[in-house]
Amino acid sequence: MSSNIRVRYAPSPTGFLHIGGARSALFNYLYSKHFDGQFIIRVEDTDIERNVVGGEESQLNDLAWLGIIPDESPLKPNSKYAPYRQMERLDIYQKYAQVLLDKGYAYYCYCNEEELEESRNAQLERGIAAPQYDGHCLHLTDEQIEQYKKEGRKPCIRIRMPKNQQIVFDDLVRGKVSFNTNDIGDWVIMKSNGIPTYNFAVVVDDHLMEMTHVFRGEEHLSNTPKQIVIYNYFGWTPPTFGHMTIIINENGKKLSKRDNNILQFMSQYRELGYLKDAIVNFILLLGWTPKEENEFYTLEEAVKAFDPDRLSSSPSMFDPAKLMWVNSHYIKQLSDKEYLDFIRPFVAKVLDISNKSDDEILKMANLFKEQIHYGQEIVDLLTPIISPVPCEEEEAKEVMALPTTKDVLKSFAEILSTLEEINADSVKAVFKEVQSKLGVKGKSLYMPVRLKLTGKMHGPEMVNIISVLGKEETINRLTK
RNA sequence: GGUCCCUUAGUGGAACUGGUUAACACGUCUCCCUCUCAAGGAGAAGAAUAGGAGUUCGAGCCUCCUAGGGAUCACCA
């Protein structure tokens, strides 16, 4: 069963996948799959100055990692719509620009940067708040054109905006939105290098690729009337638009790539040990709320539950604390095997695991499974257990100076050495025995052992640490 | 500045076509558990729904005005 719903995510390979992009992709994906439609990835690579190598590949990879798999993409083209990279579709845009030119809806413009700047400043000086293209090239004589050509100027193509026309559209997120064309100047559809601008290419592609819905960030809201004018000139039906709220930082500003205190890129979260399910779940809740009170959703569940009516129209703040909480929730859900696979690379950062069995690694990593928020956290937590450094804190020194400490350590090591098997229960029994033998209990019993073994006042339960260290290593450290 | 969008506790946000004490979650705080840190359990504090006016028996929900915030105004996407 499949519908004719077609939606797309259209990244530009000017960088790597960031939170906003992932969210955009996710919601488009959810919408398409909720209605049994197709999800397409089209690469908008017309900004040849800013494209970065590997950008496309890494974005597609990160998306795939999240589970967002396209039905069509540059790597999985449908011949009916291919190609899927705009730079491979240049002839198509040229053709459609020519149609507009022929119909008189567009015209060549020979103005150069300085002239445009000059005109803009002149308008500003006259008190015009939003300067527009002045229409200088709208009525050029043949002589003028000849002159420009002789000067070697390459023209761009501008669209002629209709006058005094109200552009109204029904936004899935915001309801009725309207703009007046008088507020929009004649804008460039084809740059002088023959490459289309975003607002033009996007219309041609969305139409040719038969997109039915477009979910994108609010920053595109003011682009929409420009695009609708093109649809109208061609006599095409525009897709249904939905402009999602922007994501803001803790200062209420749009999340920008320059925000240093918030990680922006998917790869960074991946490296820090965030789980894909947690990230999907977290991003899902950024600007969308489920009808049910449950806020945990797998991607599959989200597809089922997704309802565009519940997209929020006010900005949502990216809250790293909530992300951590969601992630820790998912970590706790992992099976032993999943947890091991997930945590192994982080354990490997502090411990040579080449001659360790899976079981040993898991046992060690399980010490912290309940408390870590993301994988990287285990590195610092594990360090004192693997290679302890004596604690210099005043409180620690006091514990070590207790009159009972020496005896505690000594008899603990003695009794431990008689054990057949080391596990939580047997170690607990050792503590009990030392306690009844010496009459020392609580802090003054446990702390000396803890400090001697890990050099820290804090950490997982003592019995678990000892179970992991094993008899030999424990005694070794206690008697050193 | 023009245009457009938004405004419910620190944060995300719920509240059916207007109908009683404005949900829930994160965070914060307290207590319990406990050798410690976490985790977990129990509980608490925190919002006159930006302000004002109107419509109505009744408004967070409808209308208008004001204020604040944001987005956007490129041969970037």
Side-chain angles (χ1 to χ4, degrees), chain A residues 10-14 44-47 49-51 86 109 111-113 116-117 120 124 127-133 154-158 171 173-175 177-180 182-185 187-199 201-202 216-225 243 245-246 248 250 252-254 282 285-296 310 312-326 328 332 368-373 377 381 395 399 431 441-451 454 456-463:
Chain A
S12 26
T14 51
E44 310 212 321
D45 51 357
T46 53
D47 189 351
E49 308 271 308
R50 291 199 306 156
N51 285 343
Q86 292 189 324
C109 170
C111 296
N112 61 27
E113 215 173 306
L116 292 172
E117 184 64 29
R120 204 168 328 184
L124 252 17
I128 296 174
Q132 301 180 353
Y133 179 64
K154 286 238 192 287
C156 65
I157 302 175
R158 277 181 194 275
D171 192 284
V173 180
R174 281 153 219 285
V177 181
S178 74
F179 291 85
N180 193 297
N182 290 353
D183 298 319
I184 307 167
W187 51 280
V188 174
I189 59 171
M190 292 292 278
K191 303 180 223 172
S192 50
N193 60 7
I195 297 175
T197 57
Y198 161 76
N199 278 309
V202 94
R216 54 175 28 164
E218 187 196 316
E219 64 268 26
H220 286 291
L221 195 56
S222 49
N223 285 145
T224 309
H243 289 91
T245 157
I246 49 164
I248 56 179
E250 72 274 24
K253 299 262 198 265
K254 180 180 164 188
F282 175 74
L285 267 18
L286 229 43
W288 184 80
T289 38
K291 187 139 187 65
E292 319 291 319
E293 219 162 66
N294 168 37
E295 55 176 354
F296 293 114
R310 300 187 69 80
S312 159
S313 55
S314 52
S316 27
M317 181 177 291
F318 186 95
D319 182 0
K322 180 113 186 195
L323 207 208
M324 283 204 262
W325 176 78
V326 173
S328 68
K332 287 179 196 136
F368 300 102
K369 185 177 178 185
E370 296 297 315
Q371 71 171 275
I372 54 171
H373 299 92
E377 268 184 337
L381 293 168
E395 211 184 332
V399 169
F431 274 109
K441 59 177 184 174
K443 224 176 210 162
S444 35
L445 169 61
Y446 281 87
M447 266 312 152
V449 178
R450 174 178 294 284
L451 281 165
T454 69
K456 293 263 183 222
M457 305 275 296
H458 312 301
E461 286 184 35
M462 236 23 264
V463 292

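When reading the values below, keep in mind they use all heavy atoms of this one structure, side chains included, and skip hydrogens, waters and symmetry mates. Quick caveat: nothing in here was measured; it's all calculated off a predicted structure. Just so we're on the same page: letters track the sequence lines, and every chain starts at 1.
You'll find a donor-acceptor pair under 3.5 Å spanning the side chain of A:S192 and the base of B:C75, going by distance alone.
Between B:C6 and A:T245, no contact under 4.0 Å exists linking OP1 or OP2 to a side-chain N or O. Look at A:S313 and you won't find any side-chain N or O under 4.0 angstrom from OP1 or OP2 of B:C5. For B:G13, the OP1/OP2 oxygens have no side-chain nitrogen or oxygen of A:K322 closer than 4.0 Å. At the phosphate of B:A77, OP1 or OP2 sits under 4.0 Å from a side-chain N or O atom of A:T46. Dashed line: the shortest gap from a side-chain N or O of A:T289 to OP1 or OP2 of B:A14 is under 4.0 Å. An OP1 or OP2 oxygen of B:C16 is reached within less than 4.0 angstrom by no side-chain nitrogen or oxygen of A:R310. An OP1 or OP2 oxygen of B:A77 is reached within less than 4.0 angstrom by no side-chain nitrogen or oxygen of A:R50. A:K191 has a side-chain polar atom (N or O) that falls below the 4.0 Å cut-off from OP1 or OP2 of B:A77.
Proximity note for A:E44 (side chain, C-beta onward) versus B:U36, B:G1, B:A77: the nearest is B:A77.
The distance from atom CD1 of A:I128 to atom P of B:C73 is 19 Å, rounded to the nearest whole Å. Distance CG (A:N199) to C1' (B:U72): 11 Å, rounded to an integer number of Å. In this entry the distance linking CH2 of A:W187 with P of B:U72 reads 17 Å, nearest Å. At whole-Å resolution of the value, CG in A:L221 and C1' in B:C6 are 11 Å apart. In this structure, CD of A:E218 is placed 17 Å from C1' of B:A77, rounded to the nearest angstrom. One interatomic measurement links the two molecules: NE2 of A:H458 to P of B:U36, which rounds to 10 Å at whole-angstrom precision.
Base pairing analysis places B:U28 opposite B:A44; the two distances defining the Watson-Crick or G-U wobble pair are each below 3.5 Å. Pair assignment for B:C73: B:G1, on the basis of Watson-Crick or G-U wobble contacts that are both within less than 3.5 Å. Across every strand in view, B:C62 sits in a pair with B:G54 that passes the Watson-Crick or G-U test at under 3.5 angstrom.
Residue-level contact check: A:K291 touches neither bases nor backbone, having no heavy atom under 4.0 Å from any strand. The residue A:N223 sits close to a base: some heavy atom pair falls under 4.0 Å. Base contact: A:P460 has a heavy atom under 4.0 Å from a base atom. Using a 4.0 Å heavy-atom cutoff across all strands shown, A:M457 reaches at least one base atom of the nucleic acid. Using a 4.0 Å heavy-atom distance criterion, A:G287 is classed as a sugar-phosphate-only contact. Counting any heavy atom pair closer than 4.0 Å across all strands shown, A:E49 reaches no nucleic acid atom. Across all strands shown, A:H220 has heavy atoms under 4.0 Å from base atoms, whether or not it also approaches the sugar-phosphate. Note on A:Q371: a base of the nucleic acid sits closer than 4.0 angstrom, heavy atoms only.
A:E44 is listed as a side-chain neighbour of A:V202, based on a closest heavy-atom distance under 4.5 Å. In this structure the side chain of A:T224 reaches within 4.5 angstrom of the side chain of A:R216, judged on heavy atoms. The shortest distance between side-chain heavy atoms of A:H243 and A:V177 does not fall below 4.5 Å.
Both A:L323 and A:L285 sit near RNA chain B, but only A:L285 has its closest nucleotide nearer the 5' end. The residue among A:R174 and A:S312 whose nearest nucleotide of RNA chain B is located toward the 5' end is A:R174.
Taking the O4'-C1'-N9-C4 or O4'-C1'-N1-C2 dihedral as appropriate, B:A48 has a value within 90° of 0 and is therefore syn.
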